[in-house]
Protein chains: 2
Amino acid sequence: MASIKDVAAEAGVSVATVSRVLNDHPSVSADARTRVLAAVESLGYRPNAVARSLRTDQTHTLGLVISDVMNPYFTELARSVEEEARALGYSVIIGNADERPDLQDHHVRNLLDRRIDGLLVSPTDGGSPLMLDAARAGTPMVFVDRWIPGVDVPVVRADGRAAVRDLVAHLHGLGHRRVAIIAGPAATTTGRERVEAFREALQAHGLDLPDAYIGQGDFQAESGRRVTEGFLDLAEPPEAVFAADNLMALGALDAVRARGLRVPDDIALAAFDDIPWFVHTDPPVTAIAQPTGELGRAAVRALVDRIEGRPGESVTLPARLVVRRSCGEPYPASPEPDSAQAPAVQPPAENRSHT
Amino acid sequence: MASIKDVAAEAGVSVATVSRVLNDHPSVSADARTRVLAAVESLGYRPNAVARSLRTDQTHTLGLVISDVMNPYFTELARSVEEEARALGYSVIIGNADERPDLQDHHVRNLLDRRIDGLLVSPTDGGSPLMLDAARAGTPMVFVDRWIPGVDVPVVRADGRAAVRDLVAHLHGLGHRRVAIIAGPAATTTGRERVEAFREALQAHGLDLPDAYIGQGDFQAESGRRVTEGFLDLAEPPEAVFAADNLMALGALDAVRARGLRVPDDIALAAFDDIPWFVHTDPPVTAIAQPTGELGRAAVRALVDRIEGRPGESVTLPARLVVRRSCGEPYPASPEPDSAQAPAVQPPAENRSHT
DNA sequence: CCCGTCGATGTAATCGATTCCACGAGCGCT
DNA sequence: AGCGCTCGTGGAATCGATTACATCGACGGG
């Protein structure tokens, strides 16, 4: 592969001049510039990003460590992150932690070794020493979706409290009184917060959330199934189940179907994180939708701000309830939100730039 | 951030010795080794991968350019690729082409500039000069899922012909005679092949595939809807529709639902690419399942073989039909494949290592 | 006792860029 | 005419590793 030296030789100038042309430095004669450009063209020269990074100490690369790529919510997040990063002149390396702290650590280490300019993390746990040290050492970093309390890093996330209140009101209005939750790992903020928000909203309606109705999941489908089976085995099973993410809701759907029961007739189901498929499941699933694309973009902007020396602020956007049929018949007054005129393929609140 | 010089100073040795310890070169005294290791520990030193890559001309990184991350099939492919690569000591940088040749080119160029050791591509089109030049220039490369004819690069893919024949037999057995296909872009091999396989299988049953029953899609959901609407507008609409990928099937489901029609009563639907959600849609969708994880792993092995100087062979694995209810009632004899005992969350043929 | 060998270590070149500094030419101003 | 600027350019240092080659001491065989 041709190097800058080859180009210099071909153009009859020094490597310094070639470099100047490539980084369009002002003081290069028009003559030299055209000769260099011609040489670049004829050799098919492309600058070596590795060498450039070594010298400039910048990789123009962002690291994104997410909890689970197979979760459509995170897939969409990753996509929007890459899009915004590209628009700002950065590329993205994704690390999939699969909800495993050891894998998360592996990726963080790998990304740090590659000297990425900044790190976007949706932590799987309370944070390994590695990550906390990196944050303290000044690696530009932003948390997205989930975060770690007590660390001085901007957080970009959705606030689901209002939507959870709407959900509980919805469930209450449909007559459900015994309601349960499939929680996420207590080590994650989203795992804890969703339970808390749910409990508070229930209390406002004079309802209780007994321990037996709090199932411990891990944000993966299998745990949703297991927990739901536990609920169904209770002497007094819940009338409604709220899954703290979409994969656990899928597992719950599995468990219910395996028993030969029906949603919502035998048991109601709702989920956190709305995804296109929920429109087409049997029945369509009532869910809390996050402004995923907006979150990804805001997170990148905050991170790039930090990298380039600007403040880089935390952002919190509201999530919102999307009522479908999995909790019972919707309010007669409100029309089905995924009706014919609105393309149901896309999550309603999202405006995607290309399809 | 501490460099190898700092470690050398701290340990009271030369950088050469530090490097030897780090790459466990045999001739280093036990004494020097422990001093270096202690220095590494106390400084929290991590070798700079950028510098190392520049010197050794190896990045231990694979590039993966896929057509669309939001497609669950490709998400799973990406996941298995990363897994196998990690096991072999490589990391992966993913580029999402979003079915756009210009974006594909952007990512290929970016990856090449970063001097990745090898490239895994699922081409969106017939191949840009950039990609073809890279292949000719000897960049280790492997095509996965889709490929470009006439290029000397190993191909790892699934053969869907047998499964398509099974599907057509299934449709025919249920009494469908007027069957249509939502095709993928003609610029892709999978786009063409699936139409061809379908046509041949139909001919074997004495059925025809008229032009009006071949809708041109682009593997994205929106095109599936548009094409399906076209089919439904025909004077004689098809009785069954075969979507060449899962997203277009989702779009088709949308279109049918928007007309107030039902699958499979009003029109049958089947899809290429099976995904977990198809178990839970209304109705569950009959689909052709690829051994996605196996494809990803085989592709990585082939690529790493090439990189490390071994041959690196093409691999073709069979796809298989998974009958559900979207084409009409299944054969009374065969039991529903996604029944209670088999966790329906996972695509049946897949054995995933961690859930 | 001398010399060859081997093991441990250091010095310095190298990878491919960027960039500081020096230098010479040309030009304007006094 | 001479001084000082600016402009265009090249030489060389530098980034952080790896590694070929040189060196030096110890040791064993003849």
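Note on naming: letters A, B, ... go to the chains in the order of the sequence lines (proteins, then strands), and numbering restarts at 1 for each one.
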- In sequence, state the C-alpha distance, the side-chain angles, and the governing distance for B:Asp125 and B:Gln104, and then conclude on side-chain hydrogen bond (donor to acceptor under 3.5 Å, both in side chains). CA-CA 9 Å; B:Asp125 63 356; B:Gln104 169 175 279; 3.0 Å; yes
- Do B:Arg109 and B:Asp113 sit within salt-bridge range, that is, some charged N less than 4.0 Å from a carboxylate O? no
- Item | Gap between atom CG of B:Asp57 and atom CZ of B:Arg115 - 0.5 Å precision | 8.5 Å
Write out a two-atom table: protein N or O, nucleotide N or O from nucleotides 10-13 of chain C, distance below 3.5 Å.
| from | atom 1 | to | atom 2 | distance (Å) |
| --- | --- | --- | --- | --- |
| C:dG10 | OP2 | B:Ser14 | N | 2.8 |
| C:dG10 | OP2 | B:Ser14 | OG | 2.9 |
| C:dG10 | OP2 | B:Thr17 | OG1 | 2.7 |
| C:dG10 | O6 | B:Arg20 | NH2 | 2.6 |

- Message: Checking contacts here: which listed nucleotide (D:dC15, D:dT18, C:dT18) is nearest the side-chain heavy atoms of B:Arg52?
- Response: D:dT18
- Which whole-number value in Å describes the distance from B:Gln58 CD to C:dC15 P? 16 Å
- Task: Give the rounded distance in Å between these two atoms: CG of A:Leu54 and P of C:dT18.
- Result: 11 Å
- Query: With no hydrogens and no angle check, do the side chains of A:Ser91 and B:Arg114 hold a donor and an acceptor under 3.5 Å apart?
  - Reply: yes
- Item | Interatomic distance, A:Asp24 CG vs C:dA17 C1' [rounded to whole Å] | 16 Å
- Item | Backbone N/O of A:His106 and side chain of A:Asn110: donor-acceptor pair under 3.5 Å | no
- Message: Looking at A:Gln58, I'd like to know if its CD atom is crowded, meaning that more than 12 non-hydrogen atoms belonging to other residues, nucleotides or ligands lie closer than 6.0 Å.
- Response: yes
- Task: Mind calculating the distance between CG (B:Asn48) and P (D:dT18) to the nearest angstrom?
- Result: 10 Å
- Item | Any residue of residues 33-41 of chain A with a heavy atom less than 4.0 Å from an atom of DNA chain D | none
- Task: May I ask you to say what A:Asp57 touches in the nucleic acid, namely base, sugar-phosphate or nothing, with a heavy-atom cut-off under 4.0 Å?
- Result: nothing
- Item | Whole angstrom value for the distance that separates C1' of C:dG16 from OH of A:Tyr45 | 7 Å
- May I have the distance from B:Ile4 (atom CD1) to D:dC15 (atom C1'), rounded to whole angstrom? 13 Å
- Set of side-chain contact (heavy atoms from CB on, under 4.5 Å) partners for B:Leu317, sequence neighbours left out: B:Pro291, B:Glu294, B:Leu295, B:Val315
- With the threshold set at 4.0 Å, does a side-chain nitrogen-carboxylate oxygen contact exist between A:Asp98 and A:Arg100? no
- Query: Rounded to the Å, how far apart are B:Asp113 CG and C:dA17 C1'?
  - Reply: 13 Å
- Note on the structure: From CG of A:Leu22 across to P of C:dG16 the rounded distance in Å is 15 Å
- Task: Apply ring-ring contact (aromatic ring centres under 6.0 Å, His included) to A:Tyr45 and list each qualifying residue two or more places apart in sequence or on a separate chain.
- Result: none
- Item | Charged N-O contact under 4.0 Å between B:Asp305 and B:Arg301 | no
Which pairs of donor and acceptor atoms, one on a side chain in residues 136-149 of chain B, lie under 3.5 Å apart (sequence neighbours left out)?
| from | atom 1 | to | atom 2 | distance (Å) |
| --- | --- | --- | --- | --- |
| B:Arg136 | NH2 | B:Asp133 | OD1 | 3.3 |
| B:Thr139 | OG1 | B:Ala134 | O | 3.1 |
| B:Asp145 | OD1 | B:Tyr73 | OH | 2.9 |
| B:Arg146 | NH1 | B:Ser67 | OG | 3.2 |
| B:Arg146 | NH1 | B:Glu99 | OE1 | 3.2 |
| B:Arg146 | NH1 | B:Pro123 | O | 3.4 |
| B:Arg146 | NH2 | B:Glu99 | OE2 | 3.0 |

Measure all distances between protein nitrogen or oxygen atoms and nitrogen or oxygen atoms of nucleotides 6-8 of chain D, and list the pairs falling under 3.5 Å.
none

